[in-house]
Amino acid sequence: MTITSPHLGSPSAWTDARLLYALEEVVEKELNRHLKVAKDWMPHEYVPWSDGRNFPGFFEDGTAWEKDQSKVTEIGRIALVVNLLTEDNLPSYHHEIASLFGRDGAWGTWVHRWTAEEGRHGIVMRDYLLASRAVDPDQLERFRMAHMSEGFESDNRHSMLHSVAYVAFQELATRISHRNTGHQSGDPVCDRMLARIATDENLHMVFYRNLLKAAFEIAPDPTMEAVRDVVVNFRMPGHGIPGFERAAAQMAIGEVYNLRIHHDDVIQPVLRHLKVMEIDGLGPEGRRAQEELGLFLDGLDAEALKFDEKLAARKARMAARAGA
């Protein structure tokens, strides 16, 4: 893939304001496309309300939560809590992108539309968890308060271009995490709900991925640098959740989200679609970023292979114990 657009000076010449203006027409086009293909849906239609009952507290007939009241698996519980608490920080995410992208024109329309669509995810997930008694509601609320009280600051808040690159990968990562959580949940109702959420996340990924493609065409060097920085330093927005590291380790073992999934199902699909490693015609900064990205991907794949081997060995040990 050869970049044909002229380099407009050095990467430093591309300020956020210039990029916002340069990409405005693309945002409008992608917004219109998104509105044509996105389908409204009702969160309440995905919740098993008939399974619900009162909790103790205000209601004298309340029944205390116990783990065996739900068919959701242990790894399903863990992942559902992480995924919901991540969605709960929507006010902070909205503040971040509204500050970077603005509230006017096509950018502003997208910011508000995205926020409205994302809002459904937290609504339906919490309603499902409470109605189905899949998780401890008191612990869930304590975690929510702790997580949101800490606030959220994106690693990429310094740059609009870095933020666009980040969400192109992060929306896909979120889609994969939700989808795999549904598969591992043990509950068809949960699986159906998370499949619906994953559909939204995929459309959001496509919006940002197409925007990233346009950024490569008009400002290839800084865009390549942004992609390198984001891929090398990538972490999920829920990293501040109480107990996140332990939960992430359990989700990795449970094959909800791990290094192999991150490499094969998140990073590589976006890079392949944009043909990032095939782009030529770059300036010195862009070429260096592309080379460094390639080296990092090789290392990431090697680390994923080590994880695969450890996971396979663990499964073999567990199978041997079960057969003993």
Here the gap from Leu130 atom CG to Glu141 atom CD, rounded to the nearest 0.5 Å, amounts to 9.5 Å
Between Met160 and Leu20, is any pair of side-chain heavy atoms under 4.5 Å apart?
yes
Residues at least two apart in sequence or cross-chain that pass ring-ring contact (aromatic ring centres under 6.0 Å, His included) with His239, listed by chain then number, are none
Leu300 vs His262 side-chain heavy atoms within contact, under 4.5 Å
yes
Would you mind checking if Arg133 and Asp51 are paired as a salt bridge, meaning a charged N to carboxylate O distance below 4.0 Å?
no
For the backbone of Ser92 and the side chain of Asn89, can you confirm whether one donor and one acceptor N or O come within less than 3.5 Å of each other?
no
Any salt bridge linking Lys306 with Glu309? Criterion: basic side-chain nitrogen under 4.0 Å from a carboxylate oxygen.
no
Answer yes or no: is there a side-chain heavy-atom contact under 4.5 Å between Glu118 and His94?
no
Is a donor on one side and an acceptor on the other found under 3.5 Å between the side chain of Ser185 and the backbone of Cys190?
no
Parallel under 30°, tilted from 30 to 60°, perpendicular over 60°: which one fits the rings of Trp110 and Phe207?
parallel
Answer yes when Arg120 and Asp40 have at least one side-chain N-carboxylate O distance shorter than 4.0 Å, and no when they do not.
yes
Does the side chain to side chain donor-acceptor pair (under 3.5 Å) test come out yes or no for Tyr257 and Asp265, once each step is laid out?
CA-CA 10 Å; Tyr257 200 95; Asp265 299 338; over 6 Å; no
Tell me whether Leu203 is reachable from Leu172 by hopping between hydrophobic residues (I, L, V, M, F, W, Y) whose side-chain heavy atoms are closer than 4.5 Å.
no
Residue pair Asn180 / Ile176, side-chain heavy-atom distance below 4.5 Å:
yes
Decide, yes or no, whether a salt bridge links Arg179 with Asp191 under the criterion of side-chain N to carboxylate O below 4.0 Å.
yes
Side chain proximity check, Arg260 to Leu305, heavy atoms < 4.5 angstrom:
yes
Please test Asn83 against Ser177 for side chain to side chain donor-acceptor pair (under 3.5 Å), starting from the C-alpha separation and ending with a verdict.
CA-CA 8 Å; Asn83 291 354; Ser177 181; 3.1 Å; yes
Scan side-chain atoms only and decide if Asn156 and Ser163 contain a donor-acceptor pair under the 3.5 Å cut-off.
no
Is Leu35 reachable from Trp107 through a run of hydrophobic residues whose side-chain heavy atoms are each under 4.5 Å from the next?
yes
Met318, CE: over 12 other non-hydrogen atoms inside 6.0 angstrom
no
Could you check whether Asp127 and His44, counting side-chain N and O atoms only, form a donor-acceptor pair closer than 3.5 Å?
no
Between Thr63 and Asn54, is any pair of side-chain heavy atoms under 4.5 Å apart?
no
Report the distance from atom OG1 of Thr174 to atom CD of Glu201, rounding to the nearest 0.5 Å.
5.0 Å
Ring pair (Phe, Tyr, Trp, His ring centres under 6.0 Å) pairs touching residues 45-92, sequence neighbours excluded, are Trp41-Tyr46
With a 4.5 Å heavy-atom cut-off, do Leu271 and Val227 have their side chains touching?
yes
Kindly compute the distance separating CG (Leu194) from CE (Met125), expressed to the nearest 0.5 Å.
5.5 Å
Could you tell me which residues satisfy salt bridge (Lys or Arg N to Asp or Glu O under 4.0 Å) with Arg196, sequence neighbours excluded, listed by chain and number?
Asp200
Could you tell me whether the side chains of Asp16 and Tyr21 share a donor-acceptor contact shorter than 3.5 Å?
no
Kindly say whether Ile279 contributes a backbone atom to a donor-acceptor pair with the side chain of Gln290 at under 3.5 angstrom?
yes
Would you say the side-chain atoms of Glu24 pair up with the backbone N or O of Ala106, donor to acceptor, closer than 3.5 Å?
yes
Is it true that, when you exclude Met277 itself, more than 12 heavy atoms of the residues, nucleotides or ligands shown sit nearer than 6.0 Å to its CE?
yes
Test: Asp88 and Arg126 ion pair at under 4.0 Å
yes
From Lys29 NZ over to His34 NE2, what is the distance, rounded to the nearest 0.5 angstrom?
16.0 Å
State whether the number of non-hydrogen atoms from other residues, nucleotides or ligands found under 6.0 Å of Arg314 atom CZ is greater than 12.
no
Single-linkage hydrophobic cluster, 4.5 Å side-chain cutoff, Met236 and Met148 together:
no
Walk me through whether Leu212 and Phe216 qualify under side chain to side chain contact (heavy atoms under 4.5 Å, CB included).
CA-CA 6 Å; Leu212 189 60; Phe216 266 118; 4.3 Å; yes
I need the Asp136 CG to Phe143 CZ distance, nearest 0.5 Å.
9.0 Å
With Glu28 via salt bridge (Lys or Arg N to Asp or Glu O under 4.0 Å) - residues at least two apart:
none
Flag side-chain contact, heavy atom, 4.5 Å: Gln268 against His263
yes
Any chance CD of Glu74 has more than 12 other-residue heavy atoms, nucleotides or ligands included, within less than 6.0 Å?
yes
Once rounded to the nearest 0.5 Å, what's the spacing between atom CG of Leu140 and atom CG of Leu84?
5.5 Å
Counting N and O atoms only, with roles assigned by atom type, does the side chain of Asn233 sit under 3.5 Å from a partner on the main chain of Asp229, one being a donor and the other an acceptor?
yes
Ionic contact status for Arg157 with Glu96, cut-off 4.0 Å:
no
Enclosure of Gln69 CD (heavy-atom neighbours >12, cutoff 6.0 Å):
yes
Output every pair passing ring pair (Phe, Tyr, Trp, His ring centres under 6.0 Å) with a member in residues 164-190, not counting sequence neighbours, ordered by first then second residue.
Tyr166-Phe234
Side-chain donor-acceptor pairs of residues 244-256 under 3.5 Å, sequence neighbours excluded:
from   : atom 1 : to     : atom 2 : distance (Å)
Glu255 : OE2    : Lys315 : NZ     : 2.8

Given Ser70 and Arg77, is the side chain to side chain contact (heavy atoms under 4.5 Å, CB included) satisfied, shown in steps?
CA-CA 10 Å; Ser70 169; Arg77 299 178 205 278; 4.1 Å; yes
Greater than 12 external heavy atoms within 6.0 Å of Asp104's CG:
no
